[in-house]
2 protein chains.
Amino acid sequence: MAVDRDHVLRSAAALLTRKSTATMDEVAKAAGISRATLHRHFAGRDALVRALESLGIEECRAALDAARLDEGPASEAVRRLVGAVEPVAGLLAFLYTENQLFEGEGQNAGWARIDDRISALFRRGQLAGEFRIDLTPAWLTEALYGLLASGAWLVHSGKGAPKDFQHMIAELLLGGAVRREES
Amino acid sequence: MAVDRDHVLRSAAALLTRKSTATMDEVAKAAGISRATLHRHFAGRDALVRALESLGIEECRAALDAARLDEGPASEAVRRLVGAVEPVAGLLAFLYTENQLFEGEGQNAGWARIDDRISALFRRGQLAGEFRIDLTPAWLTEALYGLLASGAWLVHSGKGAPKDFQHMIAELLLGGAVRREES
DNA sequence: CCAAGGTGAGACATTGACGTCTCATATGCG
DNA sequence: CGCATATGAGACGTCAATGTCTCACCTTGG
């Protein structure tokens with residue numbers, strides 16, 4: 001009877017990933033529930049988006065944990081990270097563009113923690129001599145987000161195969177981040 | 001007396017780049033005209049966005065021309081391209097996300113031509129042995145768009161300096177695209 | 001000077017999405 | 001069975017943005 005809140009969230013994530021302007025009504029239909037019920041669980045669209053944000057942050061955190069960013073060569077950790085984050089890439093892209101609209105408003109502090117962990121990974125790679133130092137960790141982090149979004153878009157539009165997702169992104173990013181043996 | 005249509009378009013581009021959900025009223029105010037006049041020049045929001053799209057396409061085309069993609073090493077052409085496209089990056093990012101909403105609808109054919117020209121550049125680099133061949137031209141093109149958006153966002157958010165824009169993007173992209181002399 | 005056309009300000013109806021509410025129904029539990 | 005709770009369907013009212021319209025200005029050119 002009781003609606004599975006998590007299922008609703010994931011349906012909404014899947015839908016909004018494809019159509020970021022989807023109506024509450026469409027979200028409800030996608031989850032297989034009525035608009036009234038949807039509204040009983042999430043006070044409004046804002047509440048829903050914020051819940052999605054929490055979900056995205058939590059999944060990212062889990063992905064970061066699973067990728068064991070502190071272990072082994074930084075480049076290998078980046079590869080693991082891209083692979084682990086792949087399932088969330090679509091949701092991430094949605095929240096990424098959604099957050100830009102908040103501008104000055106209170107950004108969820110969870111993102112800062114995630115940014116920090118990723119930046120720390122790139123910094124570790126730089127200190128270890130693996131990564132070039134003329135590209136800041138902040139830029140590499142932002143670039144990773146952009147590439148994840150582009151990769152998700154490429155796959156979604158059918159111009160790229162899902163199986164190539166990790167390879168495409170990790171290779172392009174690392175190829176730029178890893179210091180070249182020879183100029 | 002007659003409103004400068006181009007000035008209106010550029011004001012709108014600058015505003016929508018920062019706040020993609022800006023109202024027609026805000027767009028009008030940003031251009032220093034009344035909403036009525038804005039509406040006399042652009043039948044509606046759709047028409048405005050389509051005009052912005054044409055502007056973006058035209059500026060991109062001009063940037064592609066200026067970058068002389070056919071001349072010299074492909075990697076140098078990419079550097080020139082990033083530099084030439086920088087002023088349009090914000091508008092590009094706006095249209096990039098805006099276009100995703102159209103989904104099946106009629107995409108402006110101009111984008112296809114631009115995509116083709118950029119893809120051709122990457123393909124030329126691959127044929128010349130400059131670029132690695134495990135990353136498709138389609139992916140490299142999409143990745144370039146993503147990095148441009150990320151770069152614009154980084155600069156806009158104050159986490160990066162405008163003067164580093166070209167270097168950040170071109171270096172990261174090329175580092176991944178250029179085949180390494182040594183594995 | 002005068003007429004014509006562009007403009008600003010604002011009123012107005014329309015539309016689409018939202019949020020609230022009610023009521024009938026179905027489901028689960030004691 | 002009887003009750004409590006959750007759900008579905010749908011009817012509202014609200015609100016913001018849009019698009020249309022009118023009317024008074026102003027400037028430009030004849």
Side-chain angles (χ1 to χ4, degrees), chain A residues 1-56 91 94-95 97-106 108, chain B residues 1-56 91 94-95 97-106 108:
Chain A
M1 204 175 197
V3 161
D4 182 358
R5 180 190 162 99
D6 194 66
H7 168 256
V8 174
L9 272 181
R10 291 183 190 282
S11 301
L15 174 60
L16 290 171
T17 285
R18 297 192 303 273
K19 188 185 176 189
S20 59
T21 59
T23 301
M24 290 294 274
D25 203 71
E26 296 175 287
V27 172
K29 277 194 176 62
I33 63 177
S34 74
R35 195 163 69 93
T37 301
L38 174 61
H39 214 276
R40 285 186 188 102
H41 287 268
F42 303 96
R45 191 192 181 76
D46 286 352
L48 177 63
V49 171
R50 262 180 282 126
L52 279 174
E53 193 173 26
S54 296
L55 175 65
L91 176 58
F94 164 70
L95 295 171
T97 61
E98 197 78 3
N99 267 355
Q100 295 185 189
L101 304 180
F102 291 173
E103 291 265 329
E105 295 181 41
N108 191 318
Chain B
M1 205 175 198
V3 161
D4 181 357
R5 178 190 164 99
D6 194 66
H7 167 255
V8 174
L9 271 182
R10 291 183 189 282
S11 303
L15 174 61
L16 290 172
T17 285
R18 296 192 305 272
K19 188 185 177 189
S20 59
T21 60
T23 302
M24 290 294 275
D25 203 73
E26 296 176 286
V27 171
K29 276 194 174 62
I33 63 177
S34 73
R35 196 164 67 95
T37 302
L38 173 61
H39 216 275
R40 285 189 188 99
H41 287 268
F42 303 96
R45 191 191 181 77
D46 286 352
L48 176 63
V49 171
R50 262 181 283 126
L52 279 175
E53 193 173 27
S54 295
L55 175 65
L91 175 59
F94 164 69
L95 296 172
T97 63
E98 197 78 3
N99 265 356
Q100 296 185 188
L101 303 181
F102 292 173
E103 292 266 329
E105 296 181 41
N108 191 317

Within the 4.0 Å heavy-atom criterion, would you say B/Arg40 contacts the bases, only the backbone, or no part of the nucleic acid?
base
Return the 5'-most residue of the pair A/Leu38, A/Arg35 with respect to DNA chain D, ranking by each residue's nearest nucleotide.
A/Leu38
For B/Ser34 and C/dA9, is the shortest distance between a side-chain N/O and OP1 or OP2 below 4.0 Å?
no
Quick one: pull up NE2 in B/His39 and CG in B/Asp25 and give me the separation to the nearest 0.5 Å.
11.5 Å
Checking B/Thr97 now: which residues fulfil side-chain contact (heavy atoms from CB on, under 4.5 Å) with it, not counting sequence neighbours?
A/Thr97
Length of the CD-C1' vector between A/Glu26 and C/dG16, whole Å
12 Å
N or O in side chain of B/His41 less than 4.0 angstrom from C/dG6 OP1/OP2:
no
Options C/dG19, D/dG19, C/dG8, nucleotide nearest the side-chain atoms of B/His39
D/dG19
For a quick check of understanding: with a heavy-atom distance under 4.0 Å over all strands, which category does A/Arg45 fall into, base, sugar-phosphate or nothing?
sugar-phosphate
Distance test, side-chain N/O of B/Thr37 to OP1/OP2 of C/dG8, below 4.0 Å:
yes
Using whole Å, what does the distance between atom P of nucleotide C/dT20 and atom CE of A/Met24 come to?
10 Å
From the candidates C/dC18, C/dG10, D/dG19, the one with an atom nearest any side-chain atom of B/Ala36 is C/dG10
Are the side chains of B/Val8 and B/His41 in contact, using a 4.5 Å heavy-atom criterion?
no
